[in-house]
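Worksheet: the structure to be examined is printed underneath.
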Amino acid sequence: MGKYQGTFVIVGGGIAGVSCAETIAFYCPEEKIVLLTESSLIKAVTQLVSLGKALTRFEVVERSAETIGKCVQVVTDKLSSVRTREKIIITEKGHEISYKYLCLCTGARPKVIEESPNVIGIRDTESVEEFQRRIKDSERIVLVGNGGIASEIAFEVKGVAIDWVIKDNHMSSTFLDPGAAEFFRQRLQEKQHNSSAGGATVKRMRYGETQGSSGAALGPDWHRMLDVCGNARDLPDSVSIHSGCEVRNVRKSANGRKLSVDLTNGRAIECDFVVSATGVDPRIDYTVDSPLERATDGGISVNELMRTSVADIFAAGDCCTASWTLPDNWFQMRLWTQARQMGMMAGKAMAMTALGQQEQIVQDFCFEFFGHVTKLFGLQVVLLGRYNGQGLGTGYEALVRVTPNQEYIKLVLVGGRLQGAILIGETGLEETFENLLLNQLDLTPFGADLLDPNIDIEDYFD
C-alpha cells in the first residue's frame, strides 16, 4: 500500500483523462499531476488535422502510460472510493492518493444484451482480443447494434457470414439518416461483390498489456490493428441485415455446438457467437462520501466548466452528463471527439482555478455547435450541428447531393439558415458549412444551387 499526492489527480487513461492531464501540464508544468489508470496502456490523440474553426480529425492510438510526460506520475490501479472531506481517493489495492483538484474520467461500460460467455460486448482492447480469438474459428456470427462499432464490424470483418440485427429501420442510425444509410448499404454490397480486394494497411506502435486488465474505450479505427477474419475465408463475405427487430433470447442450438438467437420478428438464427455493440452507460463503480449529483441518464452532472456538485471535483468524458443550458446546435453524444473536448475543458478549468485565475475561465468555442469526424464503411463522415434534424420536428428543409460510392451531402435548413449537415466522402466542404452554421447567413437566395456540383461554393463563401 502506497501513499501519493498531487495538486491534480485524474482518474482514467482514456482520451478524456489523457487530454485533461496534457492540458494541465501545459498550463501548470511545475505542478504535480497523478494519473490513475487501470491499464498500463493509455489512449493518445495523433494525426490531428484541423478541418475548420473547431472541427478536427484525429486518430487514437495506444501508448505506454509512461510516455505521457515527466510531470505526470502514473499509478496503475482501479478507483475504489473518494473521501471528499479529506481530499483523498482510495484504490482497490489500498493506495491512498491525496489531491487538491480531482477529475473523474472513468468512461462508460457497454450495454450487453445478455450476460453470457457466448455474448461479447465490444468496448475496450481486452474485449476486442476476445473477439479476434473467437472469430478465427467461426463461420457465422450475429451482430447486434447500430452505431459506429457495429457498422465497422459489418464492413471490415472478412471470411464470416454476419447477421446484423438492428432495432431501427435503417442501419447506422446513430449517425445516419435513411438516405445516407442507403448510400452505405450500396457500398456494403459493393464490398461483398469485391471481397478479395485488400484494405488499407495502417502501421503503428503496439505495446504489450498484462492479461486481464481492462483498457480504455476503442479508437475509431480499432479493427485496422487486428486480424479480424473468420474461418470461412474461401467464401464471399455476407452481411444479412435484420431491421426493425431485436434479440429476444440466446440459447444453445439443438445439437449443442452452436447458438440459436431468437429475434422479435419470429426468426431464429444459428451462429457461433453473438457480438453486442449496443451503446454504453456511464461508468461510476466507486463510492463517494459526498454523493455527486447525477443526471437522469446516470452520468455525473457537470456545468459548462466540467465542475461537479462537489467542490474541487471535476468530471469529463463518457462518465459525465452536460447539465448546463445547451446552445441550439450542440448536444451531447458519448463520442471520442467530445471526450477530448471535455477533457481539455476540465484541464483548463482546473489549472486556471489552481492559478487563481477563475475569472478568466470561459467555455471553449467547440461547445457552440456539434461537430464530429469519423469513418464509416471506409469513408470519412463529418457531422455538423443538428445533422439529422434532431429536435427540429418537421419544420426543416433538407437538400441532398449523392454521387454513388463517392460522396453524400445533406444540408438541414430552417428558414433558409443552415442548422446541420452530413458530409460523407472527401467533399472538402467541411469549413464552408461550419462557417455557414456559425454565421447563420440567410441562404434562401441560393436555393438548390447550394449543392450544385458545377458551382464552387467554397470560393463563393470565402
Side-chain angles (χ1 to χ4, degrees), residues 1-25 27-43 63-109 124 209-216 282-294 299-302 306-320 342-343 346-347 349-351 353-355:
M1 185 176 77
K3 292 192 175 183
Y4 305 86
Q5 66 177 56
T7 304
F8 306 98
V9 174
I10 301 154
V11 181
I15 283 298
V18 172
S19 298
C20 181
E22 291 175 339
T23 302
I24 293 171
Y27 284 105
C28 303
E30 304 302 320
E31 295 291 344
K32 181 71 174 294
I33 304 168
V34 178
L35 177 68
L36 177 66
T37 172
E38 294 177 37
S39 168
S40 61
L41 300 178
I42 59 169
K43 296 292 182 179
R63 288 182 179 160
S64 166
E66 302 301 329
T67 64
I68 193 170
K70 292 181 179 178
C71 63
V72 180
Q73 181 177 10
V74 177
V75 178
T76 306
D77 202 352
K78 183 180 179 181
L79 177 63
S80 176
S81 62
V82 181
R83 299 179 188 169
T84 60
R85 297 174 185 85
E86 303 166 68
K87 288 199 165 183
I88 290 174
I89 64 172
I90 310 296
T91 72
E92 283 196 344
K93 294 177 183 175
H95 298 307
E96 293 186 4
I97 307 174
S98 62
Y99 66 87
K100 287 186 179 179
Y101 305 97
L102 173 67
C103 189
L104 300 168
C105 304
T106 51
R109 62 175 69 256
D124 54 26
E209 176 59 284
T210 55
Q211 185 66 30
S213 61
S214 57
R283 180 185 166 201
I284 305 160
D285 53 358
Y286 47 86
T287 61
V288 185
D289 60 5
S290 299
L292 298 163
E293 186 178 313
R294 304 274 280 271
I300 302 168
S301 291
V302 293
M306 301 295 126
R307 289 193 173 104
T308 71
S309 58
V310 177
D312 298 327
I313 297 183
F314 298 71
D318 288 356
C319 71
C320 76
M342 287 180 164
M350 292 167 74
T353 302
L355 293 170

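Source: prediction; values computed, not measured.
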Nearest-0.5 Å distance, CD1 of residue Ile42 to CG of residue Leu35
7.0 Å
If you look at every heavy atom in Gly347 and Thr23, which pair is closest and at what distance?
C-CG2, 3.9 Å
Can you name the closest pair of heavy atoms from Ala349 and Thr353 and give their distance?
O-OG1, 2.7 Å
Determine whether Glu38 and Arg283 satisfy the following criterion, salt bridge (charged side-chain N to carboxylate O under 4.0 Å, His left out), listing intermediate values before the conclusion.
CA-CA 13 Å; Glu38 294 177 37; Arg283 180 185 166 201; 2.4 Å; yes
Let me confirm one number: the SG-CD distance from Cys71 to Glu22, rounded to the nearest 0.5 Å.
10.0 Å
Leu104: which of Thr308, Leu79, Val9 passes side chain to side chain contact (heavy atoms under 4.5 Å, CB included)
Leu79
With a 3.5 Å cut-off and no angle check, do the side chains of Ser309 and Glu293 form a donor-acceptor pair?
no
Can you tell me if Gln73 and Lys32 form a side-chain donor-acceptor pair at under 3.5 Å?
yes
Considering all heavy atoms, the nearest Ile284-Cys319 contact:
CD1-O, 4.0 Å
So do the side chains of Ile10 and Val34 get within less than 4.5 Å of each other, counting heavy atoms only?
no
Can you tell if the side chain of Tyr4 reaches within under 4.5 Å of the side chain of Leu36, non-hydrogen atoms only?
no
Working to the nearest 0.5 Å, report the span between OG of Ser98 and CD1 of Ile88.
6.0 Å
Value rounded to 0.5 Å, distance of CE in Met350 from SG in Cys103:
5.0 Å
Less than 4.5 Å apart, side chain to side chain, heavy atoms only: is that true for Ile89 and His95?
no
Please report the interatomic distance CD1(Ile313) to CD1(Ile300), rounded to the nearest 0.5 Å.
8.5 Å
Only counting residues at least two apart or in another chain, list the ones meeting salt bridge (Lys or Arg N to Asp or Glu O under 4.0 Å) with Glu92.
Lys78
Does any non-hydrogen side-chain atom of Cys28 lie less than 4.5 Å from one of Phe8?
yes
Non-hydrogen side-chain atoms of Asp289 and Arg85 separated by less than 4.5 Å
yes
Are any non-hydrogen side-chain atoms of Val82 and Tyr99 less than 4.5 angstrom apart?
yes
State, to 0.1 Å, how close Thr84 and Ser290 come at their nearest heavy-atom pair, and which atoms those are.
OG1-OG, 2.8 Å
Straight-line distance of Leu355 CG to Tyr27 OH, nearest 0.5 Å
10.0 Å
Is the closest side-chain heavy-atom distance between Ile33 and Thr7 below 4.5 Å?
no
Would you call Asp312 and Arg307 a salt bridge, using N to O less than 4.0 angstrom?
no
Under 3.5 Å donor-acceptor, Asp77 side chain and Lys93 backbone
yes
By side-chain contact (heavy atoms from CB on, under 4.5 Å), Ser81 pairs with (sequence neighbours left out) Ile90, Thr287
Within the 4.5 Å heavy-atom criterion, are Met342 and Cys320 side-chain neighbours or not?
yes
Determine yes or no for a side-chain-to-main-chain donor-acceptor pair under 3.5 angstrom, with Lys43 supplying the side chain and Ile15 the backbone.
no
